[in-house]
**Q** 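The structure that follows is given in the form of C-alpha cells.
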There are 2 protein chains.
Amino acid sequence: MKKTSAKTIGRLSLYRLLLDNLRRDNGITVYSHELAAAANCSAAQVRRDLMSLDYAGSPVHGYRITDLIESIDNFLDHPQGQSVALVGVGNLGRAILSYFRGRRPKLSIVAAFDDDEHKINRVINGTWCYPMADLRKIVKEKNILVGVITVPPNAAQTVADQLIEAGVHGLLNFAPARLKAPPQVYLEDVDMTMSLEKVAYFSRLRAEE
Amino acid sequence: MKKTSAKTIGRLSLYRLLLDNLRRDNGITVYSHELAAAANCSAAQVRRDLMSLDYAGSPVHGYRITDLIESIDNFLDHPQGQSVALVGVGNLGRAILSYFRGRRPKLSIVAAFDDDEHKINRVINGTWCYPMADLRKIVKEKNILVGVITVPPNAAQTVADQLIEAGVHGLLNFAPARLKAPPQVYLEDVDMTMSLEKVAYFSRLRAEE
DNA sequence: TAATTGCTGTGAAAAAGGTAACGCTGTGCA
DNA sequence: TGCACAGCGTTACCTTTTTCACAGCAATTA
Ligand SMILES: NC(=O)c1ccc[n+]([C@@H]2O[C@H](COP(=O)([O-])OP(=O)(O)OC[C@H]3O[C@@H](n4cnc5c(N)ncnc54)[C@H](O)[C@@H]3O)[C@@H](O)[C@H]2O)c1
Ligand SMILES: NC(=O)c1ccc[n+]([C@@H]2O[C@H](COP(=O)([O-])OP(=O)(O)OC[C@H]3O[C@@H](n4cnc5c(N)ncnc54)[C@H](O)[C@@H]3O)[C@@H](O)[C@H]2O)c1
C-alpha cells in the first residue's frame, strides 16, 4: 500500500467537487479527459490520481460518477466524520464559519473560540463561540482533530501551541506567520498575500508580452 | 536570464514578510539558515531562491536585511505600483478588502465591484464599490492588471470573462470552480475546501500513529 | 468473425523541484 | 603571517511529480 501525496489528495478533493457538479447536470458517466478538462489538468494526471482509490473505471464507459464520488468519499472522509475547531472569530473567521456551514457532512466546524468577551458565549454564524479557557476541554470532548487559525499573526503561534496541546493533529493557518509544530501535526498555510503577489508578478510578465 | 518559478516567487514573498519581522526586532543582518528556520525550509533552498535576485550576501555577515528587502521589492514589485480590482463584496470579499488595506504600498485593491444595488456606489471597508457596468471603464482608467474573484461559483466564470475582456492579465479566484482563461492570463485558485480536506486527511493519518 | 475504435491502468521516461557538497572569500586568532 | 572557520554562490545529484506510451479490453463495425 503506497501512500498518497498531498497534491493527489488535494486533486481528489477537487475531482469530488467537479463530479458533484457533473452529477447535477444529470451526468451518469465521465471520461478521464472530461474530468481533466474540468480540473485544468491532464487526463493522465486524473487516471494516475484515481489509482489511489480502489475503484476502477471501464475502458468503454469511463467512470460512473456516483460510484466515483462514493469511492473518493470512502478514501478521504473519516467514516464517523471529523470535527474542526476555528480560533479567531474576526472578519475572516466569520466568513469561513459561514462558508463551511453544512458544506460537507463528514467535516464540519463544530466549535469556535475567541478571547474577546464580546464574541464568546454565543452563536456566531451558526457556530457556538467559546472562551479560550474552554479550548482544551471542548477539543477533548468533541474529539476535534483539526484546528483552523484565524487570529492575528502575533497570536498565531500561541494558539497553535494551545491547539496542539489539546490534542489536535492538523492545523490550517491563515495568519501570515510560519508556525512551528511537531512532526505528528500536519500544518498547512493559506497565504493570501503570497498568492496575490504571485498573481501580480506573473500578470505583469504576461502583460509585457 | 533564466525565468523564476512560481514556487520561488511565492517563497520570495514569504521571505520579505519574515525579513520585515526580523527588521522590526532590530536585526541588521541575517544568515540563510536563520531565514530558512523562519520559513520552515532548508538553507540551500533560501540561497537558491535568492539567486534570482541581483543581490549577493557576504559569506561572513550573511545578508543585510534592509538591502535584501529592497532587492526583493525591486524584483517582485512594479516600480510604479500595481492596481487590483475585487469583484464580489460578500463575506469573504469584505474580509479581503480590509486585510489588504494599506498592506503593501505597491499593490493595492483600488476598486471593488458587485451586482447588488445595496452595495454599489459607496465605500465598503475603505474601497469604493462600483456597479458591474463600470468594470470595463474603471479597469482601463486605473490600469488594473489583477482581478480578485469572490463571487458565488456559478458567477465566477462570467466575472472572469468580464475581467479578462477588460484587460486584466492575472486572476486570483476564491470561488470553488475551475475557471477557463487564455494563456496570456495567469490564473491562481485559492481553494479552502481543498486545503481543509487535505489537513483533515493527514491529521487523521497522524493521529492514527 | 475479424478488424477497428477509444478508453483504462500502469511501467518507463521526462521534467520539476529540492538537497547536498564544494570551491571561494573575508575574518579572527594563534 | 598563516591557518581554521563559517557561510555564500553554484553545480551536480537525488527525489518527487508529471507526462508519455502502450498493452489490454469491451463494444462496434465491416
Ligand atoms: N481578513 C482577511 O481576508 C485575511 C486574509 C488573509 C489572512 N488573514 C489573517 O487572518 C487572521 C485574521 O484576520 P481578520 O481580518 O479576521 O482579523 P480580525 O482582527 O478581524 O480577527 C481576529 C480575531 O482573533 C481574535 N483573537 C485575537 N487574539 C486572540 C487570541 N490570542 N486568542 C483567541 N482569539 C484571539 C480577536 O478577538 C478577533 O476576533 C489574521 O492573522 C490575518 O492576517 C486575514
Ligand atoms: N466565505 C468564505 O470564507 C469563503 C471561503 C472559500 C471560498 N469562498 C467562496 O468565495 C465566494 C464568495 O463567498 P462569500 O461567502 O463572500 O459569499 P457572499 O454571498 O457573501 O458574497 C458574494 C458576493 O458576490 C456578489 N455577486 C454575486 N453574483 C455576482 C455577479 N454576477 N457579479 C458581481 N457580483 C456578484 C453578491 O452580491 C455578493 O456580494 C464564493 O464563491 C464562495 O464559495 C468563500
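A note on names: the letters A, B, ... follow the listed sequences, proteins ahead of strands, and every chain is numbered from 1.
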**Q** Might you work through the side-chain contact (heavy atoms from CB on, under 4.5 Å) test for B/Val30 and B/Leu19, ending with a clear yes or no?
**A** CA-CA 8 Å; B/Val30 68; B/Leu19 288 166; 3.9 Å; yes
**Q** Should the pair B/Asp191-B/Lys198 be classified as a salt bridge under the 4.0 Å nitrogen-to-oxygen rule?
**A** no
**Q** Taking only heavy atoms on the protein side, list every residue of residues 8-23 of chain B lying under 4.0 Å from any atom of DNA chain C, sorted numerically.
**A** B/Arg11
**Q** Would the base of D/dT17 count as contacting A/Arg48 through its side chain, where contact means a donor and an acceptor less than 3.5 Å apart?
**A** no
**Q** For B/Ala56, answer base if it contacts any base atom (sugar-phosphate contacts may also be present), sugar-phosphate if it contacts only those atoms, and nothing otherwise; contact means non-hydrogen atoms under 4.0 Å.
**A** sugar-phosphate
**Q** Quick check, are the ring centers of A/Tyr201 and B/Phe75 under 6.0 angstrom apart?
**A** yes
**Q** Is there a donor-acceptor contact under 3.5 Å from the side chain of B/Arg94 to the main chain of A/Asn91?
**A** no
**Q** What nucleotide among C/dA20, D/dC8, C/dT8 has an atom nearest to a side-chain atom of B/Tyr63?
**A** D/dC8
**Q** Mark up nucleotides 25-30 of chain C, 5' to 3', with B wherever a protein heavy atom is under 4.0 angstrom from a base atom, S wherever such an atom reaches only the sugar-phosphate, and - elsewhere.
**A** BBS---
**Q** Atom OH of A/Tyr31 and atom P of C/dT8: how far apart are they, to the nearest Å?
**A** 8 Å
**Q** Is any NZ, NE, NH1 or NH2 atom of the basic residue among B/Lys106 and B/Asp73 found under 4.0 Å from an Asp or Glu carboxylate oxygen of the other?
**A** no
**Q** Do the side chains of A/Arg24 and A/Asp20 get close enough for a salt bridge, i.e. N-O under 4.0 angstrom?
**A** yes
**Q** Does D/dC8 have OP1 or OP2 under 4.0 Å away from a side-chain N or O of B/Ser32?
**A** yes
**Q** Would B/Tyr63 and B/Ser58 count as having a side-chain donor-acceptor pair, cut-off 3.5 Å?
**A** no
**Q** Can you tell me how far C1' of C/dA16 sits from NZ of B/Lys3, to the nearest Å?
**A** 13 Å
**Q** Ignoring backbone atoms, establish whether A/Tyr55 has a side-chain N or O less than 4.0 Å from OP1 or OP2 of C/dT8.
**A** no
**Q** Picking from A/Gln82, A/His169, A/Glu188, what satisfies side chain to side chain donor-acceptor pair (under 3.5 Å) with B/Ser203?
**A** A/Gln82
**Q** Within 45° of the axis and under 6.0 Å from the centre of the six-membered ring of A/Tyr99, does NZ or CZ of A/Arg103 qualify?
**A** yes
**Q** For B/Ser42 and C/dT19, is the shortest distance between a side-chain N/O and OP1 or OP2 below 4.0 Å?
**A** yes
**Q** Do any side-chain nitrogens or oxygens of A/Gln45 fall under 4.0 Å of OP1 or OP2 in D/dT19?
**A** yes
